[in-house]
Amino acid sequence: MNRTRLLTTMAVFVAIGTLGAQLLWFPAGVAKAYPVQHAVNVMAAITLGPGPAVVIAFVIGLLRNLLGLGTLLAFPGGMIGALFAGFMYKWTQKSFAAAGGEMVGSGLIGAMFAVPFANVLMGSSVGAVAFLPSFIVSSVSGALLGWLVASRVRRTNLVPQLD
């Protein structure tokens with residue numbers, strides 16, 4: 001993929017993630033669940049790889065925070081999930097593995113990283129037990145949504161490199 005097409009595709013994913021998060025969200029424990037972010041992570045990991053997927057997750061989190069539409073917790077969950085989704089897809093070439101990587105990366109590991117992140121940067125001493133349910137609900141619903149979209153796109157042959 002040439003550089004222009006890569007940057008354009010990344011920009012489209014950022015736009016979908018930033019706008020879609022405000023259209024589809026629900027309260028889940030101490031945080032809000034934004035499944036569109038996780039769906040974008042899975043789709044970006046499958047189509048572009050782990051590096052661009054992490055950059056996309058970072059830019060979506062940054063834009064949402066700059067616009068006052070998100071919290072700092074968007075960074076650890078989104079970026080770790082995108083990284084795991086990208087590596088799982090890269091190793092297996094299976095889209096369901098990318099969804100599983102997103103669930104583990106965002107839902108479990110991202111929740112663990114959110115504890116010190118929230119304590120240091122947000123002044124909240126809420127433990128992992130409080131973050132875990134909301135991160136899991138958000139990442140599972142979004143990863144399944146991303147896997148469903150990726151599998152439908154594959155069947156239409158719009159993106160031939162999908163498994």
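There is a path of hydrophobic side-chain contacts, each under 4.5 Å, that joins L6 to V54. A continuous path of Ile, Leu, Val, Met, Phe, Trp and Tyr side chains, each step under 4.5 Å between heavy atoms, connects V36 with V149, placing both in one hydrophobic cluster. The cluster map of Ile, Leu, Val, Met, Phe, Trp and Tyr, joined by side-chain heavy atoms under 4.5 Å apart, puts V12 and V55 in the same cluster. Hydrophobic cluster membership is shared by V59 and L66, with clusters built from Ile, Leu, Val, Met, Phe, Trp and Tyr side chains linked at under 4.5 angstrom. Under the 4.5 Å side-chain heavy-atom criterion for ILVMFWY residues, no single connected hydrophobic cluster contains both V42 and W25.
Looking at S95, its side chain never comes within 3.5 Å of a backbone N or O of A150 through a donor-acceptor pair. Between the side chain of T92 and the main chain of M88, a donor-acceptor pair closer than 3.5 Å is present.
Smallest separation of non-hydrogen atoms from G81 and S106: CA-OG, 3.3 Å. Residues L48 and P52 approach most closely at O-CG, 3.6 Å, considering heavy atoms. Nearest heavy-atom pair across A85 and A98 is CB-O, 3.3 Å. A pairwise comparison of heavy atoms in A82 and A53 identifies CB-O, 3.5 Å as the closest pair.
No side-chain heavy atom of N41 sits under 4.5 Å from any side-chain heavy atom of I56. Under the 4.5 Å side-chain criterion, counting only non-hydrogen atoms from C-beta, F84 is not in contact with M103. Residues P35 and L24 form a side-chain contact, since some pair of their non-hydrogen atoms from C-beta on lies under 4.5 Å apart.
In summary, the side chains of S141 and H38 do not present any donor paired with an acceptor at a separation below 3.5 Å, with no hydrogens or angles considered.
Remark: R64 is not positioned above the aromatic ring of F75, lacking an NZ or CZ atom under 6.0 angstrom from the ring centre and at most 45 degrees off the axis.
Atoms CG and OG1, on L7 and T4 in that order, are 7.0 Å from each other to the nearest 0.5 Å. In this structure, CG on L69 lies 12.5 Å from CD1 on I60, to the nearest 0.5 angstrom. Of the inter-residue distances, the one linking I46 atom CD1 with Q93 atom CD reads 10.0 Å to the nearest 0.5 angstrom. The CD1 atom of I80 lies 11.0 Å from the CE atom of M112; values are rounded to the nearest 0.5 Å. A distance of 11.5 Å separates OG1 in T8 from CZ in R3, rounded to the nearest 0.5 Å. For the atom pair CG of L63 and CG of L19, the computed distance is 9.5 Å after rounding to the nearest 0.5 Å.
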Q22/Y34 under side-chain contact (heavy atoms from CB on, under 4.5 Å): CA gap, chis, key distance, verdict: CA-CA 8 Å; Q22 300 316 304; Y34 293 100; 4.2 Å; yes
Between R5 and T9, is the side-chain contact (heavy atoms from CB on, under 4.5 Å) condition met? List the steps. CA-CA 6 Å; R5 184 177 175 132; T9 305; 4.1 Å; yes
Start with the C-alpha gap between L108 and F135, add the side-chain angles, then the distance that decides, and say whether side-chain contact (heavy atoms from CB on, under 4.5 Å) holds. CA-CA 7 Å; L108 298 175; F135 273 61; over 6 Å; no
I'd like to know whether K94 forms a side-chain contact (heavy atoms from CB on, under 4.5 Å) with Y89, so could you lay out the CA-CA distance, the side-chain angles of the two residues, the decisive distance to 0.1 Å, and finally the verdict. CA-CA 6 Å; K94 301 291 181 192; Y89 183 77; 5.6 Å; no
